[in-house]
Asks: 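I'd like to ask some things about the structure below.
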Amino acid sequence: MIINPLAGKPAPTEILVNVAKLVTAYYTAVPDACVVEQKISFGTSGHRGSAFLRSFNEWHVLAITQAICQYRKQRGIDGPLFLGADTHALSEPACASVLEVLAANDVQVMLAENDEYTPTPAVSHAILVYNCARDKGLADGIVITPSHNPPDSGGFKYNPPNGGPADTGVTAWIETKANEFLKDRLQGVKRIPFEKALRAASTQRHDYLNTYVNDLGSVIDMQAIRGAHIGMGVDPLGGAGVHYWAAIAQRYDLKLTVVNADVDPTFRFMAVDWDGRIRMDPSSAYAMQNLIGLKDRFDIAFACDTDHDRHGIVTRSSGLLPANHYLAVAIHYLFQHRPQWRNQLAVGKTIVSSQMIDRVTAKLGRKLYEVPVGFKWFVNGLRDATLGFGGEESAGASFLRRDGSVWTTDKDGIAPALLAAEITARTGRDPGEIYRELTREFGEPLTDRVEAPLSLAQKDRLAKLAPEQVRSTELAGEKIQRILTRAPGNGAPIDGLKVVTENGWFAARPSGTENIYKIYVESFHSQDHLHRIVEAAQEIVQDAIEMGAG
C-alpha cells in the first residue's frame, strides 16, 4: 500500500470538493442503465456512488425509493418509514428526492424535528422502539449516507422492520426493480413537488435526538461514568451525531467536550487519509490525527464516522486503538459486567476479525458466532437477544441493553464510544491498557492486509471456491486446521477462502468494486511469520483459482 505524502496532514484547498458542481451533477447527470458502473448496486452497506461518476444521482434515488415503495406494498409493510440523513453534500438533495416519492406513494414518513441530521443507530432504534409488541402496521427506515466515504459520495441504505441493514434477498429485489426503472427512464416512478410533499398529511416529525439520547442509560452505565468524573473528548468528524453529543453531556451530566462541532460538506477540517483523499474514517490513524493529538487532554477520547455507525477509540496509553483491539476489550468487559445478561448469549464476529476475539470468547465460556463480512448477519441474533454483541473488523458494533434486551440491530458508533468511558470508569484502566493485559494472557497478534490483482473470471472463481480446491496442508510452517468457504456460525458463503492454523490465519475475498482481491492476515508468532503467511496465502489462492479454471 503506497501512502500518499498528504496522509495525516490538513486537507489542502485544492483537494476539497466543489459542492455546487457536485449538487448540480446530482440533478443534471443521467445514468446509463447499460453501463455497469452507473447501475444501482447494493453492497454490504447499501448503494453508494458519486454524482460526478453518474453512480449516485437523482435518478438513482428516485428509482430506489419507488422500488422500496413497491417492496413495502408487496410485503404488507404499512407502518411509518423513519427517514434519516447524514451531513454529506449529496444527502440533503437525496433526502428531498426520497420524500417526493414517498409522499406520492402515500407512505407515512417520519422526518427529524428541526431537520436535524440523523445517525444510523437513531433510525434503527426508532424502528425497533416503534415495532416493539406490534405484529402489524410495522415501521421500517431509510438512511441517506455513504458512511465514512469521501465528500463527493452519496449513499442509500434500507432498514426493514427488523431495524438492521436489509439482507441480500431484500436488496437484490430492490436493486433489480430500481434498475428496471432506470432502464425505463423512470417510467412508473411516482413523484410530487418537494414543498407539496413536506405539507402532505403523511409527512410527520419525529424527535430522533432526544428519543435516542434519553434511552442511552439503558445500554451504558452513565452513573458510573458520571461518578468517576471521566474526562471525555469527542470528535463527531462533522457527522450526523454532531448535535447529539452536547445533548448526551447535558442529559447525563458528563465531563464531555466536543472538540470540533463544525459541519462543512467539504470536510475541510479533516486530516487527509492514507491515499490522499478526505475520508471520515474513525479507524484510520491518518484521518484521526486531530483527535490523536489531543489524547493527553482527556481520560478517554473517541470519534464516529459521518452517519455515526462506526467508532474510533483514542486512549492516553495507546493512542488510536485498532478496531480489532477494541472489539476484544469490549467483549471481555461486557460479558463480565452485565449481570442481567443470560449465560447463553453468544459473541458475534465476522470472518476477517481478529482471532483474539476467539480466545477471549473461549475464556469467557461463551459461544462464538462467526459470520461473513457484513453487519446484516448479526441482525436476527441481536433482535432476538441470542447475541450479546456483534462486531466487525471495520469498527462497527452493537450490543444489548444492560437488561439483556435489544438496543439496535444496526451498527452503533455512539454506544461503543461511550462504553470506552464506562470501561475506564469502572476498571480504572483505559481500553489500551486492558488490551495489553489481554495480549499477555492470550498472545499478541500481528496483522496485515494486502491486495492483489484478479481478472473478472478469477474473482468469480475465488468467490465460488470449494475447500478441496486447496491442496496445501501447511501454512507458513504450521499444519492447516481448517479451510473455510462458509462461515462457521451460520453456514453462509464467505465469498472467498479462509485458512486457519494454530497460530495464524488468512482470509481472501474478491473486491466488490475493483478487479482485485484482499487478503487479511494474522499471526500470533512474529513479523516474519506474518510475512510468510502473506506469501503462502497468495500462492494458495492463485493455485486454487487455477485449479478451479481447469
Asks: Ignoring hydrogens and angles, state whether a donor on the side chain of Glu422 or Tyr333 is under 3.5 Å from an acceptor on the partner side chain.
Replies: yes
Asks: Per the side-chain hydrogen bond (donor to acceptor under 3.5 Å, both in side chains) rule, which among Asp307, Asp309, Thr306 passes with Thr120?
Replies: Asp307
Asks: Under the ring pair (Phe, Tyr, Trp, His ring centres under 6.0 Å) test against His311, which residue among Phe399, Phe302, Tyr326 passes?
Replies: Tyr326
Asks: Do Thr315 and Glu433 pair up side chain to side chain, a donor and an acceptor below 3.5 Å, judged on atom types alone?
Replies: no
Asks: Going by atom types alone, do Asp403 and Ser405 pair a side-chain donor with an acceptor below 3.5 Å?
Replies: yes
Asks: Is the shortest distance from a Lys or Arg side-chain nitrogen in Lys498 or Glu370 to a carboxylate oxygen in the other one below 4.0 Å?
Replies: yes
Asks: Does the pair Asp430 and Ser317 meet the rule for a side-chain hydrogen bond (donor to acceptor under 3.5 Å, both in side chains), with working shown?
Replies: CA-CA 7 Å; Asp430 70 41; Ser317 66; 2.7 Å; yes
Asks: Under 6.0 Å from the ring centre and within 45 degrees of the ring axis: does the NZ or CZ of Arg338 meet both conditions for the six-membered ring of Phe389?
Replies: no
Asks: Between Tyr435 and His332, is the ring centre distance below 6.0 Å?
Replies: no
Asks: Aromatic contact between Tyr212 and Trp407, with the criterion being ring centroids under 6.0 Å apart: yes or no?
Replies: yes
Asks: Taking Lys411 first and then Glu392, would you say they form a salt bridge - that is, a charged N and a carboxylate O separated by under 4.0 Å?
Replies: yes
Asks: State whether Arg226 and Asp221 are salt-bridged, where the test is any N-O pair (Lys NZ or Arg NE/NH1/NH2 against Asp/Glu carboxylate O) under 4.0 Å.
Replies: no
Asks: Taking the side chain as every heavy atom from C-beta outward, state whether Met222 and Leu216 have any atom pair closer than 4.5 Å.
Replies: yes
Asks: Going by side-chain contact (heavy atoms from CB on, under 4.5 Å), Val373 matches just one of Asp495, Ile494, Val352. Which one?
Replies: Val352
Asks: Please tell me whether Arg383 and Thr409 have a donor and an acceptor in their side chains that are separated by less than 3.5 angstrom.
Replies: no
Asks: Should the pair Phe56 and His47 be assigned to parallel (<30°), tilted (30 to 60°) or perpendicular (>60°) ring geometry?
Replies: parallel
Asks: If you define the side chain from C-beta out and look only at heavy atoms, does anything of Asn114 sit under 4.5 Å from Leu209?
Replies: no
Asks: Thr65 versus Phe156: any side-chain heavy-atom pair under 4.5 Å?
Replies: yes
Asks: Quick check on the 6.0 Å ring-centre criterion: do Phe82 and His206 meet it?
Replies: yes
Asks: Would you say Asp140 and Pro161 make side-chain contact, with heavy atoms under 4.5 Å?
Replies: yes
Asks: Using a distance-only test with no angle check, is there a side-chain donor-acceptor pair under 3.5 angstrom linking Asn159 and Asp410?
Replies: yes
Asks: Is the shortest heavy-atom distance from the side chain of Ser147 to the side chain of Arg310 under 4.5 Å?
Replies: yes
Asks: Let me know which of Leu418, Ile414, Ile248 forms a side-chain contact (heavy atoms from CB on, under 4.5 Å) with Ile220.
Replies: Leu418
Asks: Determine whether the side chains of Asp273 and Ser284 contain a donor N or O and an acceptor N or O closer than 3.5 Å.
Replies: yes
Asks: Looking only at side-chain N and O atoms, does Asp281 offer a donor or acceptor that is under 3.5 Å from a partner on Ser283?
Replies: yes
Asks: Between Asp299 and Lys255, does any side-chain N to carboxylate O distance fall below 4.0 Å?
Replies: no
